[in-house]
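Because the structure is predicted, anything quoted here is derived from the model rather than measured.
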Amino acid sequence: MKKILLDFSRLLVTAVVVIVALVALRFMWVRYQVDPWTRDGRIRADTVQVAPDVSGLITDVLIHDNQMVRRGDPLFVIDKPRFELALRQADALIAAQQAQVDEAVLEDTRNRKLGNLVSTELLQQGGTKLAQAQAALQQATVARDIARLNLDRTTVFAPVNGVLANVELRPGDYASAGRPVFALVDSDSLHIDGYFEETKLPRIRIGDPVSVQIMGEKRMLSGHVQSIAGGIEDRERGPSGNLLPNISPTFSWVRLAQRVPVRVMLDNPPPDIRLIAGRTVTVTVLEDQRKNTAGARQ
């Protein structure tokens, strides 16, 4: 009798262990293969390359590396005295051209008052001289406007709100028009890119609530799915000489799921958490809160 009970107890323990193992395996399978979450996430932001619109020596640097700036804040100044002289020169050219126009108007008016005493050819020459003087005045006016615009752009302002990066400018450096001198991380464009396996995409919808945990931070942030990428790079396809698709013939028995970027926008992130572009995050889509969130938004 004792032997039967012992065998039964062993069988029962074995069955319990097997059931627990099956439950654990099912949980692990659902957790890692089915549930829409990923540790492969990054904080992303748009980066603006700050470049001057005019060339010249940098006379003043008004910022420092990693500084937070607001849109419209002055960043640095390029050789303003030189462009002030250019504007004065343009004003002087306008004055000279205006004097020529005035003289041409007086001459044309005098010739027309003389009537038949002045030949038709001379009248035509006077009108042509007046038209040329007026055209030269217009060109001088445009040159003056360009000189004023260049003077205004000797001071470079922040185009967006954000944090400056890689600022190595010093007074005396030479800046070239159109050549970036440092970067500005646009803080208004901060978002999360979660790279989900393609097998999990059917359980992700635009507008779904998500929880976000930044590596090194204990607090959970909330957000929502803004968009899902429309395409990713096909590494097995390349160009060919006859314009036909060149498909790699390789095939492995274990096919890894492609990862598709899903953009997540944070909902009112705390100001004391450093949202630094490039930080690693874990993104979890909250399917159980989908209906409640949809009803609240409606």
Visitor: Kindly determine whether Q226 and H191 satisfy side chain to side chain contact (heavy atoms under 4.5 Å, CB included), including the steps that lead there.
Guide: CA-CA 9 Å; Q226 185 188 53; H191 62 277; 5.8 Å; no
Visitor: Tell me every residue that passes side-chain contact (heavy atoms from CB on, under 4.5 Å) with A86, counting only those two or more places apart in sequence or in another chain.
Guide: none
Visitor: For E198 and R259, indicate whether the former's side chain and the latter's backbone hold a donor-acceptor pair under 3.5 Å.
Guide: no
Visitor: List the steps, then state whether salt bridge (Lys or Arg N to Asp or Glu O under 4.0 Å) holds for R71 with D186.
Guide: CA-CA 10 Å; R71 180 177 182 180; D186 185 359; over 6 Å; no
Visitor: With a 4.5 Å cut-off on side-chain heavy atoms, are E84 and K80 touching?
Guide: yes
Visitor: Kindly indicate whether the side chain of I273, heavy atoms from C-beta on, has any atom under 4.5 Å from the side chain of L275.
Guide: yes
Visitor: How many angstroms lie between CD in E217 and CZ in R274, if you round to the nearest 0.5 Å?
Guide: 9.0 Å
Visitor: R88 and D91: salt bridge (Lys or Arg N to Asp or Glu O under 4.0 Å), yes or no, with the steps?
Guide: CA-CA 5 Å; R88 290 171 56 187; D91 288 333; over 6 Å; no
Visitor: Around atom CD of Q89, are there more than 12 heavy atoms of other residues, nucleotides or ligands at under 6.0 Å?
Guide: no
Visitor: Locate the shortest heavy-atom distance separating Y174 from S55; write the atom from each residue and the value.
Guide: OH-CB, 3.6 Å
Visitor: Please round to the nearest 0.5 Å and tell me the distance separating atom CD1 of I78 and atom CG of D173.
Guide: 10.5 Å
Visitor: Could you give the distance from CZ (R153) to CZ (F83), rounded to the nearest 0.5 Å?
Guide: 12.0 Å
Visitor: Any sub-3.5 Å donor-acceptor pair from S187's side-chain atoms to N161's backbone N or O?
Guide: yes
Visitor: Taking atom CZ as the centre, does R279 end up with more than 12 heavy-atom neighbours from other residues, nucleotides or ligands that are less than 6.0 angstrom away?
Guide: yes
Visitor: So, the side chain of Q97 versus the backbone of I94: is there a donor-acceptor pair under 3.5 Å, distance only?
Guide: no
Visitor: Step by step, would you call R42 with D40 a salt bridge (Lys or Arg N to Asp or Glu O under 4.0 Å)?
Guide: CA-CA 7 Å; R42 296 288 188 275; D40 189 7; 3.8 Å; yes
Visitor: If we only count heavy atoms from C-beta on, is the L266 to I192 side-chain gap below 4.5 Å?
Guide: yes
Visitor: Please name the residue in the list D60, V181, I63 that meets the side-chain contact (heavy atoms from CB on, under 4.5 Å) test with F76.
Guide: V181
Visitor: If we check side-chain contact (heavy atoms from CB on, under 4.5 Å) with L184, which of these qualifies: D46, V69, V163?
Guide: V69
Visitor: Applying side chain to side chain contact (heavy atoms under 4.5 Å, CB included), run through D65 and Q67 and close with a yes or a no.
Guide: CA-CA 5 Å; D65 197 19; Q67 178 180 337; over 6 Å; no
Visitor: Group every Ile, Leu, Val, Met, Phe, Trp and Tyr by side-chain heavy-atom contacts under 4.5 Å, then state whether I204 and V212 land in the same group.
Guide: yes
Visitor: Taking all atoms of both residues into account, what is the closest heavy-atom pair of L137 and Q98, and its distance?
Guide: CD2-OE1, 3.2 Å
Visitor: Output yes when D145 and R148 qualify as a salt bridge under the 4.0 Å nitrogen-oxygen rule, no when they do not.
Guide: yes
Visitor: Can you measure from CG (D79) to CG (L151) and round to the nearest 0.5 angstrom?
Guide: 11.0 Å
Visitor: In Å, rounded to the nearest 0.5 Å, how long is the span from CD1 of I228 to CG of L201?
Guide: 6.0 Å
Visitor: Measuring from L149:CG to I146:CD1, what's the distance to the nearest 0.5 Å?
Guide: 8.0 Å
Visitor: Answer yes or no: is there a side-chain heavy-atom contact under 4.5 Å between I43 and I214?
Guide: yes
Visitor: Hydrophobic cluster membership, with links at side-chain heavy-atom distances under 4.5 Å among I/L/V/M/F/W/Y: are L57 and V50 in one?
Guide: no
Visitor: Find out whether T38 and F196 are in side-chain contact, i.e. whether some heavy atom of one side chain is under 4.5 Å from a heavy atom of the other.
Guide: yes
Visitor: Which heavy atom of R44 sits nearest to which heavy atom of Y195, and what is that distance?
Guide: NH2-OH, 3.2 Å
Visitor: Taking the side chain as every heavy atom from C-beta outward, state whether L87 and N150 have any atom pair closer than 4.5 Å.
Guide: no
Visitor: For residues V264 and L221: do they belong to one hydrophobic cluster (side chain heavy atoms under 4.5 Å, members Ile, Leu, Val, Met, Phe, Trp, Tyr)?
Guide: yes
Visitor: Which pair of heavy atoms, one from P74 and one from L62, lies closest together, and at what distance?
Guide: CB-CD1, 3.6 Å
Visitor: With the 4.5 Å side-chain cut-off for hydrophobic clustering, are V283 and V260 part of the same group?
Guide: yes
Visitor: Are any of the side-chain heavy atoms of S222 and V210 separated by less than 4.5 Å?
Guide: no
Visitor: Between S227 (side chain) and R263 (backbone), is there a donor-acceptor pair under 3.5 Å?
Guide: no
Visitor: So, applying side-chain contact (heavy atoms from CB on, under 4.5 Å) with R39, which one of T280, T282, T284 is it?
Guide: T282
Visitor: Quick one: do V167 and V77 end up in the same hydrophobic cluster if we chain Ile, Leu, Val, Met, Phe, Trp and Tyr together by side-chain heavy atoms under 4.5 Å apart?
Guide: no
Visitor: Is L164 close to F182 at the side-chain level, that is, under 4.5 Å between some pair of heavy atoms?
Guide: yes
Visitor: Is the CD atom of Q49 crowded by more than 12 outside heavy atoms at less than 6.0 Å?
Guide: no
Visitor: Minimum heavy-atom separation for P270 and R219, please, with both atom names.
Guide: CB-NH1, 4.0 Å
Visitor: Would you sort out whether D208 and R205 count as a salt bridge (Lys or Arg N to Asp or Glu O under 4.0 Å), showing the intermediate values?
Guide: CA-CA 6 Å; D208 280 353; R205 302 175 186 174; 5.5 Å; no
Visitor: Are there more than 12 heavy atoms of other residues, nucleotides or ligands under 6.0 Å from atom CG of N268?
Guide: no
Visitor: Considering non-hydrogen atoms only, spot the tightest contact between V101 and A133 and give its length.
Guide: CG2-O, 3.2 Å
